[in-house]
*Asks:* 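Here you go, one structure.
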Amino acid sequence: LCASCRSPIVFPDGTRVEPTDENFFSTRYFMFMNRMAEEVRREFPGKRITTLAYFGSLPAPSCEIHPNLTVEYAPYPRGNDKKPLYHPDNRLLMQHLDDWYGLVGPGRLEVYGYHGLGLRFPRPVSEVMQEDFKVLSERALYVSSEYSERNSRDIWDYSSMEYWVMTHLMWNPQRSVEKLRKYYLRRTFREAAPAMERFYGTIREEFYRQRRGSGIGCTLAGGSSTWIVSPGHTDTLRAALAEAEKRAKHPKSLALIGRIRELFEKGVAGAVKSAKKKK
């Protein structure tokens, strides 16, 4: 915030980047990282630096990028997880991605995603991420994601199918999401697969029926369970879980259904409590 750091950036060709420009911080940051990369190359030939394009450094800068610098693009915050990157709701992130691709090309662009977060409630985001992976695979070396570590067992129990499907889509984004889900349900729940398919299918249908957007933060404090509580799907979903427990024969299938039921009831209670507070 000093006067020197906040002064306009003027390049030898006369190009100016003003402090009010969207990529001002990004330009200053990558000018600094270019110098860092040059010093590393001088002392440690063959070594490279990877750095995030994230928040203030998310917009592509007005400077060139040192050849020993790899950029890891982090598309956050996202406007709406129910829509792909190329949807108007996420247009700024898509524009920044294309700008970066134009600046460094596919061989020096990585992606640090967040599709591993926000699954404390089983948000059915695989269809959206499939579209994202198609877009990203054309522009980046690879895609990684941050995953929750706190309460990871709860998140995994509730959303293991979504994690499993997204992992397969990262290997091959052309695969069928529906076929992957059906395969997972059959292998995991066996005789109880039809009931669990109704459980997750009802959630998916309501999730996309409602026009309001969804983000990582809406899964907190029972927030995402309002997708199923307010429209009145609670009893239908509870009945599907009860049928699944009745039909399940394998002990591990039965144990997982029981843990999903516990998380479901916990989420419903949180959503009801949150609704009462708002009143």
*Asks:* Do we get R212 above W227's six-membered ring, with its NZ or CZ under 6.0 Å from the centre and within 45° of the axis?
*Replies:* yes

*Asks:* Let's go through R181 and E127 carefully: what are the C-alpha distance in whole Å and the side-chain angles of both, what is the deciding distance for salt bridge (charged side-chain N to carboxylate O under 4.0 Å, His left out) to 0.1 Å, and is it a yes or a no?
*Replies:* CA-CA 11 Å; R181 284 202 180 108; E127 288 89 349; 2.6 Å; yes

*Asks:* Can you confirm whether the side chains of E146 and Y112 place a donor and an acceptor under 3.5 Å from each other?
*Replies:* yes

*Asks:* Starting from M161, can I reach Y183 by hopping between I/L/V/M/F/W/Y residues whose side chains sit under 4.5 Å apart?
*Replies:* yes

*Asks:* Any Lys/Arg nitrogen of E265 or R238 sitting under 4.0 Å from an Asp/Glu carboxylate oxygen of the other?
*Replies:* yes

*Asks:* Among K83, K82, R78, R139, find the one that has a salt bridge (Lys or Arg N to Asp or Glu O under 4.0 Å) with D132.
*Replies:* R78

*Asks:* Over 60° means perpendicular and under 30° means parallel, so tell me whether W171 and H168 are parallel, tilted or perpendicular.
*Replies:* perpendicular

*Asks:* Indicate whether any N or O donor in one side chain lies under 3.5 Å from an N or O acceptor in the other, for S62 and N23.
*Replies:* yes

*Asks:* Taking R247 first and then E243, would you say they form a salt bridge - that is, a charged N and a carboxylate O separated by under 4.0 Å?
*Replies:* yes

*Asks:* Any salt bridge linking R123 with E162? Criterion: basic side-chain nitrogen under 4.0 Å from a carboxylate oxygen.
*Replies:* no

*Asks:* Roughly how far, to the nearest 0.5 Å, is the CE atom of M33 from the OG1 atom of T50?
*Replies:* 9.0 Å

*Asks:* Please identify which of these residues, P75, S144, S137, S145, meets the side chain to side chain contact (heavy atoms under 4.5 Å, CB included) condition with V111.
*Replies:* P75

*Asks:* With sequence neighbours excluded, what pairs up with R211 under the side chain to side chain donor-acceptor pair (under 3.5 Å) test?
*Replies:* none

*Asks:* Taking R204 first and then E197, would you say they form a salt bridge - that is, a charged N and a carboxylate O separated by under 4.0 Å?
*Replies:* no

*Asks:* Determine the interplanar angle of the Y76 and Y114 rings, folded into 0 to 90°, and report it as parallel if under 30°, tilted if 30 to 60°, perpendicular if over 60°.
*Replies:* tilted

*Asks:* Would you check, one step at a time, whether the test ring pair (Phe, Tyr, Trp, His ring centres under 6.0 Å) holds for Y163 with Y147?
*Replies:* CA-CA 10 Å; Y163 282 123; Y147 279 70; 5.3 Å; yes

*Asks:* Is it true that R41 and E38 have a side-chain N and a carboxylate O under 4.0 angstrom from each other?
*Replies:* yes

*Asks:* Would you kindly confirm whether L109 and L92 end up in one hydrophobic cluster when ILVMFWY residues are joined by side chain heavy atoms under 4.5 Å apart?
*Replies:* no

*Asks:* Is atom CZ of R48 surrounded by more than 12 heavy atoms (other residues, nucleotides or ligands) closer than 6.0 Å?
*Replies:* yes

*Asks:* Determine, for E262 against R259, whether the closest basic-nitrogen to carboxylate-oxygen distance falls under 4.0 angstrom.
*Replies:* no

*Asks:* Would you check if there is a donor-acceptor pair between the side chains of E22 and H96 at a distance under 3.5 Å?
*Replies:* yes

